[in-house]
Amino acid sequence: MSIDLSHFDLVAENDIVVVPVDKLVDVATYLRGQGFEYFVYCCAAHYPASESEPDRALVEYRLRRLPAEDVALRLWIPSSDACPSLAGLWQAADWQEREQFDLVGVRFAGHPDLRRIMLPEDWPGHPLRRDYAIDTRHFPWR
Amino acid sequence: MMGLLAAFAALWVSAKNLFRPMTTTPLPWKGRRDLPERYRTSFALVHDEHGDEACIGCKMCEKICPSQIITVVPGGRANSEKTGKPRGWCKDFTLDLNACIHCELCIQVCPADAIVMLREQDTPGFSREDLFLSMEKLYANEKKAPSWGTGARLIGMQEPPKPPKPEAPQAEAPKAPAEGATS
Amino acid sequence: MILGNPWVHGGVVGFVVVNFLMVTFAWSVWFERKFAGRMQNRPGPTEVGPFGLLQPIADLLKLLQKQDIVPDGADRALFNLAPPIGAILILASAAALPFGPGLVAADLDVGVLFALSITSLMVIPVWMAGWASNNKYALLGAMRAAAQAVSFEVPLLLSAMVPIVLAGSFSIADIVAAQSGYAWFALWPPGPGLVAFVLFFLTSLAEANRIPFDIPEAESELVAGVTTEYTGMKFGLFYLAEYVHTLVASLLATVLFLGGWEGPFVDGPHWMIAKALGLYAFIFWVRWTLLRYRADQFMALCWKVLVPTSLATLVAAALWKHLS
Amino acid sequence: MAVGHGHLPEPVAALIRARAAVPNPHLDVESYDPEGDLLVLNLGPQHPSTHGVLRVKLYLDGEVCIKAVPYLGYLHRGVEKLCEKLTYVQITPIVDKNDYVAAFSNELAINMGFETLLGVEPPPRAQHIRALGAEMQRVASHLLWIGTFGLDMGGALGGGATLFMHTFRERESILDCFEVLTGSRFHYNTLQVGGCRHDIPAGWETLVRQTFATISARIEEYESFVRTNAIFLARTRGVGVVDAELALSLGVSGPVLRASGVDYDLRRDRPYGLYRELKVNVATASAGDCQARFEVRLAEMRESIRLVNLLLDGVPEGPINVLKAVKLPGTVKPKPGIGYAAIESPRGELGTWVVADGSDKPYRCKIRGPSLHALSLLPYLAPGQNLSDIIVTLGSLDPIMGEVDR
């Protein structure tokens, strides 16, 4: 019951669509129009630079058409780049993207209010990055 | 106004509750409630059936503890005075109850059933040192009522029973220090 | 005789009355805690003395030992003055309350008006405290208290006018005398008297900031309202003023509507006190059962329901008086 | 709208038009009120009714709110970071503390996330224990909510406290059942990857049955305490109305969403575990106000009590664990992959998004807490409301700050 995204040259595989960064807003807008009203989550994971890949982050948006039709938009964002924000389409993306920005350090372009949400404003670094606090006495803390 | 009249239904309920029995339990110095078997609070180290300290210093509990509050200093292998058989020993064992989350994982992984939790209602202290359990305090706690859970019982409950090997945990015990030493 | 001297008489009776009010306040707190505890299926205070009976003394000692904090930026003079003024005012309002024939500190011709006007002055220390605390919650609480006092004065006085009209006097002694022979105004004349009693009771609850009308305190919204910044005995004085206010309101309702000291067997102060304490206990029952109104709903209740009803009651009472 | 929309389908354009009617949480106070006449009130973090630690900066005009800005993070304990540092078997007792009034749901959600990665399914007896625990926890959580909701409206020294004590009395008896099952009242650590850690002890079924019989007999009391009480109705009816579309767009789930008329429950619509065989009646209400949320939660409690009694009848015999019991920290090692599993916790969709990299620790583990989404309604609901109503609205959303901040 995958959603048909062939006109974006994208294939949904087990509800998961790997979306190029520049197509995200168009795909999301299309999905919003298709009745994917329910915003489940926005998650990000940081991947440090390796031999083959630069420093990058995985961002996943999960959207749902009630009752149970999911689509997960998966993006790879290089650290030098910013992820387009979906806060204009789903209000939930506002706080979710703030949280991911705060913890993982992914920047979201076009977010109306991109501040830290969990940590204090003057907190150094983003704790869920893999390179966070590796040179302090807190590492390896266990 | 009608609302204030309807409020009398609520007044009736509260009046009814005036005659219900008390549900609170008495203060600790006036009596205790019945504690269930699996109740778990503080910790104790126990002696085995021969009278030796049961802990074999395998550091399993130290590794599994999510809040990293257990420190085990293994004491190497030596012959037991009681049984004459070689086994591992524990030189020092400390447990910082201040940060304990009472998850029972250390009990579960203990191959020698050496660490148990207590079935005691209150374990407060006046300072942080009071809640820092040294080896002496842990062995002194052995006299208090232990909880039901031990490593063998928890593992036995979680795994389907194997009828021919009821003594399995005790049989495994001597092997454990070797694993601890190699890792 | 020395007791014939009005100054000595007033002094002695006043001393007794003030002590009665204070002691009743102290052990009513114990009673309330026990009562609420039973209502919530728990024992209430048990540790200090038998059945926790010495709890009020322990509370007092605790309050006296507390650090006395005046917040930064507070208006020190007003802040310190507000609690004693509240306590003094509310104790003064009991001066005109008779407990039996002649058992009154000051037998005023306008006793009802005196008691009601002094209790309505209670808004002044509350506002002082709210303004001087330099705290937004206290200020919001004081604003609510002022608005509440101003609007609830109207139905309170109008419903208090009913027994005055029926008795034809402002003197409390005369009002009680007019109810003799079990012609209590709450029962007779049927209708206006009872309605006026209920109204008087409700508005007294509001005046004394009791649930369901305790919006100036409203601890879930305004932390503790005007008393947010108060500690120790200053807080204790506010607490005292609130409880004594409730007690005075119960006593007033007793003399105005329930025949004062009249009762079976022997008339006397014990009947007066028993009736007042019955009302007082009812207030606790209501307090520990009901939820709180919102400020605007509560104003709407006052102006749209209570004021018209009390006016109609007053007119009905006047007609009754005129026709009979 | 800073997002570049190439072409707007009609539903999206209609959505953007509808947004104009919704209060703007990003309202610029400086330009709204250039003279600075508004009273800025910091509600919390030390406030009796901010459910743990939440700070809401309120811009008040008199007592009417113009803008509300929640500041989170006072209870941020870095659970997601901890999850990266602990092995799969050690995480369960840690996530207990997220939604600290419904610990069982947390354990269930995180372990289901890990089981999705591993591709294992707990045995039937474990599934029964899980469903039973989840439903019992739902009743306990809603009981606590009713009590604290009463506190929000009646204060700590009033009828609210009495209601609170009464619901706590019942909740304590449920916790007693959990205590007999797991040995702990609050943070059980009773589930593990692949099954359960504690088997049902002898006599437990009787205890649970008695407990829930008492509770279902006493639910009517709470109703007469609040539901037919005109003060309660005056305080809740029409207060904090949540629009269904806004709620969906904010990712709100659970009773708050169902009270807005969206008939959606993960237990029925995306069934997991035992719910694939179990028919769950989903309670909904259409008004979307605080009263509707109360009604929905009350109905859910009744349904959960029914389910508990149903489940107690059919607990099958057998093992409670599909994997071997935990004896070492690193025994669970899923293959690399990304998995998401969600359950219907008492507050809504509680999900776990796990990235595994083949080691014994999750590479990244996100907990999708329903409380965060419910709380994000507050900036939309608060403007135009009285201060008292904001407290009631906040209470009715039932945010648990441990889950919001994690």
Side-chain angles (χ1 to χ4, degrees), chain B residues 1-14 16-17 20 22-25 33-41 60-68 100-105 107-111 117 119 147-149 151 153-161 169 172 176 179 183, chain D residues 82 86-87 89-94 96-97 123 159 162-163 165-166 168-170 172-173 176 179-190 192 194-199 201 220-234 318-321 323-330:
Chain B
M1 271 323 255
M2 282 313 293
L4 294 171
L5 293 178
F8 277 97
L11 285 174
W12 172 242
V13 170
S14 58
K16 213 162 54 176
N17 274 296
R20 288 241 170 88
M22 231 86 77
T23 45
T24 48
T25 49
R33 66 193 180 96
D34 292 333
L35 299 176
E37 268 195 333
R38 295 175 182 174
Y39 193 85
R40 50 187 211 240
T41 50
M60 283 295 179
C61 46
E62 183 178 324
K63 278 181 214 143
I64 195 88
C65 181
S67 29
Q68 294 291 293
C100 179
I101 58 173
H102 299 268
C103 65
E104 215 186 14
L105 281 176
I107 314 294
Q108 178 170 344
V109 298
C110 185
M117 291 183 98
R119 207 170 139 198
S147 172
W148 173 84
R153 280 180 183 157
L154 285 168
I155 300 269
M157 178 162 66
Q158 289 164 33
E159 288 188 338
E172 279 172 18
E179 286 172 19
S183 62
Chain D
L82 268 172
L86 295 170
T87 63
V89 296
Q90 288 173 313
I91 286 171
T92 311
I94 298 291
D96 263 353
K97 279 87 184 162
T162 305
L163 180 63
M165 288 289 175
H166 288 175
F168 254 59
R169 177 185 68 197
E170 264 61 280
E172 286 294 306
S173 61
D176 282 342
E179 194 181 26
V180 172
L181 176 68
T182 70
S184 198
R185 298 177 74 77
F186 227 64
H187 300 309
Y188 319 112
N189 186 24
T190 184
Q192 69 181 26
C196 305
R197 283 186 63 239
H198 295 99
D199 205 350
E220 281 165 24
E221 277 189 17
Y222 314 138
E223 284 189 321
S224 65
F225 225 90
V226 284
R227 199 189 204 170
T228 55
N229 187 336
I231 299 178
F232 176 81
L233 295 181
I320 56 167
N321 221 332
L323 302 174
K324 297 192 87 170
V326 174
K327 287 176 195 157
L328 275 170

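We name chains A, B, ... by the order of the sequence lines, and we start the count at 1 in each one.
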Check: So which of D:H198, D:M165, D:H187, D:E172 has the biggest tally of heavy-atom pairs under 4.5 Å with chain B?
Finding: D:H198

Next item on the list: Please tell me if the side chains of B:H102 and D:S184 come closer than 4.5 Å, counting only heavy atoms from C-beta onward.
Entry: no

Item checked: Side-chain heavy-atom pair D:I94, B:I101 within 4.5 angstrom cut-off -> yes

Notebook entry, point to check: Nearest heavy-atom pair of B:E104 and D:R197: which atoms, and what distance?
Noted result: OE1-NH2, 3.3 Å

Check: Which bit of D:H166 is near chain B, if near means a heavy-atom gap under 4.5 Å: side chain, backbone, both or neither?
Finding: side chain

Notebook entry, point to check: Is it true that a side-chain atom of B:E37 and a backbone atom of D:V180 form a donor plus acceptor pair closer than 3.5 Å?
Noted result: no

Margin query: Checking D:T162 now: which residues fulfil side-chain hydrogen bond (donor to acceptor under 3.5 Å, both in side chains) with it, not counting sequence neighbours?
Written below: C:Q40

Notebook entry, point to check: Does any non-hydrogen side-chain atom of D:V89 lie less than 4.5 Å from one of B:I64?
Noted result: yes

Item checked: Distance in Å, B:S67 OG paired with D:L82 CG, rounded so as to fall on 0.5 Å steps -> 9.5 Å

Item checked: Choice from D:T190, D:D176, D:L181 maximising heavy atom contacts with chain B below 4.5 Å -> D:L181

Notebook entry, point to check: Tell me, side chain or backbone of D:P123 under 4.5 Å from chain B's heavy atoms, or both, or neither?
Noted result: neither

Item checked: Distance-minimising heavy-atom pair for B:L105 and D:Q90 -> CD1-CA, 4.3 Å

Note to self: Please evaluate residues D:N189 and B:R40 with respect to the criterion side chain to side chain contact (heavy atoms under 4.5 Å, CB included), reporting the C-alpha separation (whole Å), side-chain torsions for both, the decisive distance (0.1 Å), and the verdict.
What the structure shows: CA-CA 12 Å; D:N189 186 24; B:R40 50 187 211 240; 4.1 Å; yes

